[in-house]
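These notes are about the structure you will find just below.
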Amino acid sequence: MDKHFDHAAHESEIYWLWEENGVFNPDNLPTANNNRPFSIIMPPPNANDPLHIGHAMFVALEDVLIRYHRMIGDDTVWIPGTDHAGIETQFVFEKKLQKEGKSRFNFDRKTLYQMIWDYVQENSGVAIEQMKSLGASADWSRYKFTLDPDVVEKVLDTFEKMHTDGLIYRGRELVNFCTHCGTSYSELEVVHKEQVSPLYYVKYPLAEKPSKFITVATVRPEPIFIDTHLAVNPNDPKRKHLVGQEALNPITGERMPIISDEYVDPEFGTGIVKITPAHDPNDFRVAKKHSLPIREAINTRGKITEAGGKYAGMSVAEARKAVVADLTAAGLIEKIDEKYVNRVGTCYRCGRVIEPLPMAQFFVKVKDSQNNLTEKVLALLDEKKVKIHGAGREKILRHWLDNLYDWNISRQITWGIPIPVWYEIKGYENDIEVGFINDSGEYVYGSLANLLNDYQLSEIKKGLQQVVAAENVPYIISRTEPAAKEYLPETDTFDTWFSSSQWPVLTLKTNKTGDFDRFYPTNVMETAYDILMFWVMRMLLMGVYLTGQAPFRDVYLHGLIRDKKGQKMSKSKGNTINPLSMSETYGTDALRMALIVRSTAGQDKNIDERDFIAMRNFANKIWNASRYIIMRFSQNPQYILYRGQKPTSSDTVGDTNSNFHLQLEEKAWDLSRSLQNLRLGVAADQVYNDFWHWFCDECIEENKAGKLPDEAILDGLITFLKLLHPFMPFVTERVWQELRAAELVSEPLLITTSWPVDIHDQKDNQT
RNA sequence: GAACUCGUAGCUCAGUUGGUUAGAGCGCUUCGUUGACAUCGAAGAGGUCAGAGGUUCGAGUCCUCUCGAGUUCACCA
């Protein structure tokens, strides 16, 4: 054996040894107890992205659990997958197009989809290969991609079922729209940022006495021209007399009735609010309540609509300037509070301001009176059917569930699963807008009624890019084009999370026959806490809907990996740690151990190159302790073919030896308990200290001094290799092969040996 | 404004239902290369566990308050 463990020389060979023997697939392990399933569904990384340190974290943690459960004889499976990551991927692809001087508007939908598909295929092997190099003992024969045809079919099944059950509906609601990214988002994708916005005090003439004014404070003067109503609080003694009166729109001069609603805060501004239903969530609610007209001033490109007259076509910012200038000229600006601070919704992707726009889209009803999904999930939490591990995150989850709005699942992007809906054309030509590439390769957009004057429907369909159907247009759900009448397809795709939220069900139902019954509900869902709401919460909602059960029993939320100073890692800061290069330099075992040791669920972890060095040294310690013992035995021919059986008390040298075995077993139990309780950071710390500071520092030294027999020390090594294996799989397996070569052990692979203590035995005895 | 998390050795962090001299890594001091490992070993310095009060036979661990750090949420135009 070499003096130092050379990870680079052994790792890929060892991984290949495992793969070749098929040990990741539970179907090949007949010794596993079929009554004790243990399954983890891997959080699928983006198919076309290289792994970052967070991915290394999940691989390390989940692989520890998987290897441990495999060794204790559970029927263990880790199902890997990758995600098409709709918006992220399309965004990256569009950047690529941009570099080539093109944009998504140059291609019809089908062509663009195919281009992205090819692009993703080119890169999709990267994530998988990297996970393998991190030692992931996942069952690759069960690998799934979120756009696999069988997965897509199941997602469409879910959509149809929920639609039939009334849990998915199409409605014209105010959605969070990013005019730059060109798509709507759910409430989770909106980042509220504090900013200084001038607050304009605008004077409105009273209809009866135009020489008298009332003043309204607003940060959004630009859509004033479509405003139809003002509102005051019905209990506001100073202003309730205004109810029923009318003011004049300061831009258009239209009469504006003044209504009353509780939502108006008499203390804020002037106590009078202008109602802009189409572009403010509160106003939208008020408008629905009072049946006010919903007139749009801003379109999906962030420009002022035709209704804007002279302002039409301006951007929101330009229009604001122009409107304020006109109001000022007319003497209708009373004052401007330049220091006013408010919170504005911005796009999590591009950081630009989100425009609330009324659009007809598909929503998941989360609080249906017949089938209240949030209540069901809360009940699961109450009954402890699902346990959240991670520093108070359960309360945050509960708070979200209590306050959740319906989930907008329509996205105006191409890269995703198309929503299987077709809109009827005849009689609704005026209610459908269409964007398409005509036969001359030009992008054309307009109402279908107008376009049909110049184009054949077939040409429109051929180059189809976008269909925007009003709420009243009838639709049918179908995976293929219906033949009965003329239809245009929905061009929106599902929110990526709509399919991801079904992932535990999808992966098990589209895999080998019987997998669903065998492994559902899964045991542990392990992921970063920052996607608790995006993913975990929605998996609970969808899981309980589809199966009546939680999709997993334990949720382990790991923290973010930060740099030495506790700063978030980001490419722009240049403080990222590439897990693959750390793995190359210090070894995968060192990388994994450094991430796990003393980590706590839900708590961020600062990490530094020194941590990897320390654990590289630990791997070397394991190597050298083994080297000492192997050398000791190889120098002594009588030990050959020693099988590692526990020496009986009769072959011991007094009390030291039996005491040694007692302690060894106790340490194995302690470690097992930590692993059972998902205290992985503690477990790693325990095994580190037990091995180094007890086994090496004390026991091996005692052996050198002749106080502990060689059989005992070999026994200890074998036990510790097993205990260490889930954390540091490569060096331990490599040492095992050395032991085998020296005929000190007989089992071919450490990965499939049994755990030193029988954790189930004790459990069974207790019950 | 609210919720959540954290404040333990010089630095980065562990420390299951409260229980003997509070731990690790790195750093620091002194010594050690007689073949497992200098990617090491031995010995050691260093903490009134943010502060105050309370519960208890006993609190880093539970409760209250204060201070400080961070995260998230919130419809005030």
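In this structure, K274(A) contributes its side chain and R220(A) its backbone to a donor-acceptor pair below 3.5 Å. Remark: the backbone N or O of K203(A) is not paired with any side-chain donor or acceptor of T215(A) at under 3.5 angstrom.
Atom name P, nucleotides G47(B) and U66(B): the rounded distance is 31 Å, in whole Å. If you take atom P in C67(B) and the same atom in G51(B), they sit 16 Å apart, rounded to whole Å. Comparing the P positions of G19(B) and C62(B) gives a spacing of 10 Å, expressed to the nearest Å. Rounded to a whole angstrom, the distance from the C1' atom of A14(B) to that of G25(B) is 11 Å. Going from the C1' atom of U48(B) to that of G44(B) covers 22 Å, rounded to whole Å. Taking atom P in both G32(B) and A50(B), the straight-line distance is 40 Å, to the nearest Å. Comparing the P positions of A45(B) and G10(B) gives an interatomic distance of 15 Å, to the nearest angstrom. Comparing the same atom, P, in C49(B) and in G35(B) gives a spacing of 47 Å after rounding to whole Å.
Checking each of W736(A), F727(A), Y688(A), F695(A) against F720(A) for a ring-ring contact (aromatic ring centres under 6.0 Å, His included) leaves exactly one that passes, namely F695(A).
With hydrogens and angles ignored, a donor-acceptor pair closer than 3.5 Å exists between the side chain of E701(A) and the base of A36(B). Side-chain atoms of K3(A) and base atoms of C37(B) include no donor and acceptor less than 3.5 Å apart.
Along RNA chain B, the nucleotide closest to I700(A) and the one closest to L199(A) are compared, and the more 5′ of them pairs with I700(A). Between N617(A) and S626(A), the residue anchored nearer the 5' end of RNA chain B, judged by the nucleotide with its closest heavy atom, is S626(A).
C65(B) is paired with G51(B) under the criterion used here, namely a Watson-Crick or G-U wobble arrangement in which both key atom distances are under 3.5 Å. Base pairing analysis places A38(B) opposite nothing; no Watson-Crick or G-U wobble pair with both distances below 3.5 Å involves it. Remark: U20(B) base-pairs with no nucleotide; criterion is Watson-Crick or G-U wobble with both hydrogen-bond distances under 3.5 Å. In this structure, G70(B) and C4(B) make a Watson-Crick or G-U wobble pair, each of the two defining distances being under 3.5 angstrom. Base-pair partner of C28(B): G44(B) (Watson-Crick or G-U wobble, both distances under 3.5 Å).
Between Y628(A) atom OH and C40(B) atom C1' there is a gap of 15 Å when expressed in whole angstrom units. When rounded to the nearest whole Å, the span between CD1 of I388(A) and P of U5(B) equals 14 Å. Atom CZ of F534(A) is separated from atom C1' of U72(B) by 12 Å (rounded to the nearest Å). Across the protein-nucleic acid pair, F284(A) atom CZ and C75(B) atom C1' stand 15 Å apart, rounded to whole Å.
Proximity note for N689(A) (side chain, C-beta onward) versus A24(B), A14(B), G35(B): the nearest is A24(B). Listed nucleotides: U16(B), C37(B), G25(B). Nearest to the side chain of R679(A): U16(B). Here the nucleotide nearest the side chain of T600(A), chosen from G15(B), C73(B), A36(B), is G15(B).
Relative orientation of the W692(A) and F618(A) rings is parallel, given thresholds of 30° and 60° on the angle between their planes.
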